[in-house]
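Structure first, commentary second.
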Amino acid sequence: MVEVAKTAGFCFGVRRAVETAERACAENGGIWALGDIIHNTYEVERLRKLGVQKADTLEEIPDGADVLIRAHGVPERTYRELEEKGCRIVDATCPFVGKIHQIVHRESEAGRHVVVIGSRNHPEVIGIRGSCGPSSCVQSPEELQQLLHSETEEGRILRENPVSVVAQTTINRKLWDFCIENIKKECTNVKIFDTICIATDERQAEARLLAGKSDIMIVIGDRKSSNTKRLYEISRSLCDRVLYIEDAAELSGHETKDMEQPFIGITAGASTPAWIIKEVKNTMSEETRIETGSEDFAAMLEESFKTLNTGDKVTGTVLQIAQNEVQVDLGVKHAAYIPQHELSDDPSFDMNSIQPGDEIEAIVVRVNDAEGTVVLSKKRVDQMKGWESIEAAKEDKTVVEGKVSEENKGGVVASAFGVRVFIPASQTGIPKGQPLSQLVGTVARFRITEINRQRKRVVGSIRAVAQEERRAAAEKVWNEIEVGKEYTGTVKSLTSYGAFVDIGGVDGMIHISELSWGRIKHPSEVVNVGDTVNVYVIGLDRDNKKISLGYKRPEDNPWNVFSTNYEIDDVATVRILKFMPFGAFAEIIPGVDGLIHISQIADRRIAKPDEVLEIGQEVEAKIIDIDPEKKKVSLSIRALLQDEE
């Protein structure tokens, strides 16, 4: 039996780089590449024939040329030097590698020493170290131990300074774990960034499982490929017979001689094209002549082949979810996958919503018979269904929900049923002059107002829904409103005479006199636009649609507070507010004033209050009279002076 690892062959980053090179050649007739795009002689030669010219140094690249940055990435200085040459950079750096560049740059800027676990001469590691300041590179456990215990400057830096550790994306997990364990023991201020690519972990884990049960293990890949070498090392530790080959031509045809029904496992490095893996599998299947019933295994493979064409709608079963793609079984020899950007147009789409074993519909985007791969698109199926839903929503005038993904020129863009919907600024409901960005990331409700399927243009209106909902809410309020009813509202605007409050589709006004028991000059002393307030209805004019609201609570009435806490003959500390010819008014508590008659200010005759008192002055005064009906209080300073005598 022959079993090929599901993770064998191109990883996401390599496939992305190859596809980028292919597009550049198709669109521009060719492109320069700085170094081998991938570590595979056959694939490099194929790309050369398409128009990819390799340069080992920057000097070989003509000024102004288009230059492809390979998946391994390059140091920051390389970007600057290419820009100085006037070159247009087509960056195919693997996103996972690019993330490591960002990490080491940030950590280095923060004054931390960067440690890279990986092969120091590997292009990926060179690029990582070229994106930060001083750094160290560790290739083996022995090298790490020596460095951590050395008295060199580098060793002292590791032990005495803040350290941030990253990994080459393709290193062995066992090496990483060993290094991290020892670094934590010897270094006091360590930040760990596990940057081993998940595809690498999955590939190596599957190689362990497959090698452990195989009589013969075949590892396919270029001998310069570091990740393929690690697959070979893993396989050697678990299987007695391991072949490291670059293609099917290296097989002798006698690998299974004298072996009865051997189990053959096949894995391949991240830079191995699918067509090479397919050739090796077919060669070994032919050699073993495994039979199932009366049918030859190779014949069954051919029978399983189905012709696929771009644009076909297919149904498959999800095999595996990687970080940036979903692998799908279509029941054919081709390896089918859906790139992450072809899963959904919805920015909130969660890949975890798809599980292995799920049935999935997709459109064939591209068939590569040479490599045996098929690129699929789920979002295009969703779009087809989405257009039907969008058209039905416009026809039925139903409200649509969609997440606003971006601010665009003249409006915002939302996604509904997998279709992009443009909402003009005038239809967003955002007042003119305020930023539209406040809508980005929110789920909006809107109506579809215009559809042009040929131009793939859909226009929506949030404002239309808001207006309809406000009208319905207003009607409900007017049907139920009555004097004394309480509401929770939002302050919409302020004027010199009061505050307007939205109580659920209808605006009511709180007069300035109803905002506070104390004296205020402007409503902003009590409330601000946007505040949530509790109000009650004190007046209605249904004919003119006017509502008067109250904000002051009876229990907060200052007179009630005064009456509870003060009686005649009590002494209070009061603050002088203003002068009159007949005396001075003083604040006893906020909202309650008392009069100190001119005859009660001093123990002698005075002509004016300001002969003795000052505005804002605090003095002790005795309460000599309270008129509850008129809510008036009489105070006396003189009475206290007499008491002292």
Side-chain angles (χ1 to χ4, degrees), residues 313 341-350 353 361 363 377-481 487-493 500-508 529-530 532 545 547:
K313 185 177 179 181
H341 66 271
E342 289 292 347
L343 283 170
S344 176
D345 265 338
D346 185 353
S348 62
F349 179 79
D350 184 3
S353 62
E361 289 184 316
I363 296 292
S377 173
K378 174 184 175 294
K379 74 178 183 182
R380 300 190 190 188
V381 172
D382 295 340
Q383 286 171 351
M384 291 168 58
K385 296 177 180 177
W387 277 100
E388 295 173 2
S389 300
I390 286 287
E391 289 172 341
K394 184 177 185 299
E395 182 71 23
D396 300 337
K397 298 181 179 180
T398 55
V399 176
V400 174
E401 280 194 358
K403 189 168 185 177
V404 179
S405 58
E406 63 182 275
E407 180 182 355
N408 210 336
K409 185 178 180 180
V412 296
V413 175
S415 177
F417 306 114
V419 178
R420 284 168 61 89
V421 180
F422 175 66
I423 302 170
S426 61
Q427 297 302 312
T428 60
I430 302 296
K432 191 173 182 179
Q434 292 190 22
L436 298 178
S437 57
Q438 60 187 286
L439 285 175
V440 176
T442 65
V443 176
R445 304 175 72 250
F446 47 87
R447 286 200 186 280
I448 304 301
T449 58
E450 180 187 333
I451 296 177
N452 187 326
R453 193 158 183 175
Q454 288 183 334
R455 295 178 60 192
K456 295 184 178 180
R457 176 180 170 83
V458 180
V459 180
S461 173
I462 298 174
R463 181 184 174 190
V465 175
Q467 288 178 334
E468 291 170 8
E469 292 176 344
R470 187 172 175 82
R471 282 195 293 269
E475 184 177 352
K476 182 180 179 181
V477 169
W478 281 109
N479 287 337
E480 300 175 352
I481 197 168
Y487 291 92
T488 298
T490 303
V491 178
K492 305 298 288 185
S493 63
F500 286 90
V501 178
D502 181 353
I503 58 172
V506 177
D507 286 351
V529 173
T532 299
K545 300 293 183 183
I547 302 172

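Not measured: the values here are computed from a predicted model.
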*Give a yes or no answer on whether the side chain of Thr428 reaches the backbone of Ile430 with a donor-acceptor pair at less than 3.5 Å.*
yes
*Test Phe500 against Val491 for side-chain contact (heavy atoms from CB on, under 4.5 Å), laying out the working first.*
CA-CA 6 Å; Phe500 286 90; Val491 178; over 6 Å; no
*May I ask you to test the Phe422-Val458 pair for a side-chain heavy-atom distance under 4.5 Å?*
no
*Find the distance between CD (Glu406) and OG (Ser415) and round it off to the nearest 0.5 Å.*
10.5 Å
*If you round to the nearest 0.5 Å, how far is CD of Gln434 from CD of Gln438?*
5.5 Å
*Drop me the distance from Phe417's CZ to Ile448's CD1, to the nearest 0.5 angstrom.*
8.0 Å
*Can you check whether Arg455's main-chain N or O pairs, donor with acceptor, with Asn452's side chain at less than 3.5 Å?*
yes
*Does CD in Glu475 sit with more than 12 non-hydrogen atoms of other residues, nucleotides or ligands closer than 6.0 Å?*
no
_Thr490 vs Val501, test: side-chain contact (heavy atoms from CB on, under 4.5 Å). Steps then yes/no._
CA-CA 5 Å; Thr490 303; Val501 178; 5.7 Å; no
*Apply side-chain contact (heavy atoms from CB on, under 4.5 Å) to the pair Ser437 and Glu407, showing each step before the final yes or no.*
CA-CA 6 Å; Ser437 57; Glu407 180 182 355; 3.6 Å; yes
*Taking all non-hydrogen atoms of both residues, which atom of Val400 and which atom of Ala416 are closest, and how far apart?*
CG1-CB, 3.4 Å
_Greater than 12 external heavy atoms within 6.0 Å of Glu395's CD_ = no
*Do the side chains of Tyr487 and Ile481 get nearer than 4.5 Å, heavy atoms only?*
yes
*Short question: side chain of Ser405, backbone of Val413 - any donor-acceptor pair under 3.5 Å?*
yes
*Just by distance, do the side chain of Thr449 and the backbone of Val459 share a donor-acceptor pair under 3.5 Å?*
yes
_What I'd like to find out is whether the side chain of Lys456 reaches to under 4.5 Å of the side chain of Arg420, using heavy atoms alone._
no
*Salt bridge or not for Arg447 and Glu468, using N-O below 4.0 Å?*
yes
*Between Gly504 and Ala473, which heavy-atom pair has the shortest distance, and what is it?*
O-CB, 3.2 Å
*Between Glu480 (side chain) and Val477 (backbone), is there a donor-acceptor pair under 3.5 Å?*
no
_If you define the side chain from C-beta out and look only at heavy atoms, does anything of Leu439 sit under 4.5 Å from Ile462?_
yes
*Verdict with reasoning, Asp502 to Arg470, per side-chain contact (heavy atoms from CB on, under 4.5 Å)*: CA-CA 10 Å; Asp502 181 353; Arg470 187 172 175 82; 2.9 Å; yes
*Taking NZ, NE, NH1 and NH2 as the nitrogens, is one of them in Asp507 or Lys545 under 4.0 Å from a carboxylate oxygen of the other?*
no
*Report yes if the side chains of Ile423 and Phe446 come closer than 4.5 Å at any heavy-atom pair, otherwise no.*
yes
*asked:* Has Asp350 got a side-chain atom pairing as donor or acceptor with Ser353's backbone, closer than 3.5 angstrom?
replied: no
*Test Asp382 against every option in Lys385, Arg380, Lys379, Lys378 by the salt bridge (Lys or Arg N to Asp or Glu O under 4.0 Å) rule and name the one that passes.*
Lys378
*asked:* If I compare all heavy atoms of Gly386 with all of Val419, which pair ends up nearest, and what's the gap?
replied: C-CG2, 3.8 Å
*Considering all heavy atoms of both residues, which atom of Gly460 and which atom of Pro424 are nearest to each other, and what is their separation?*
O-CD, 3.6 Å
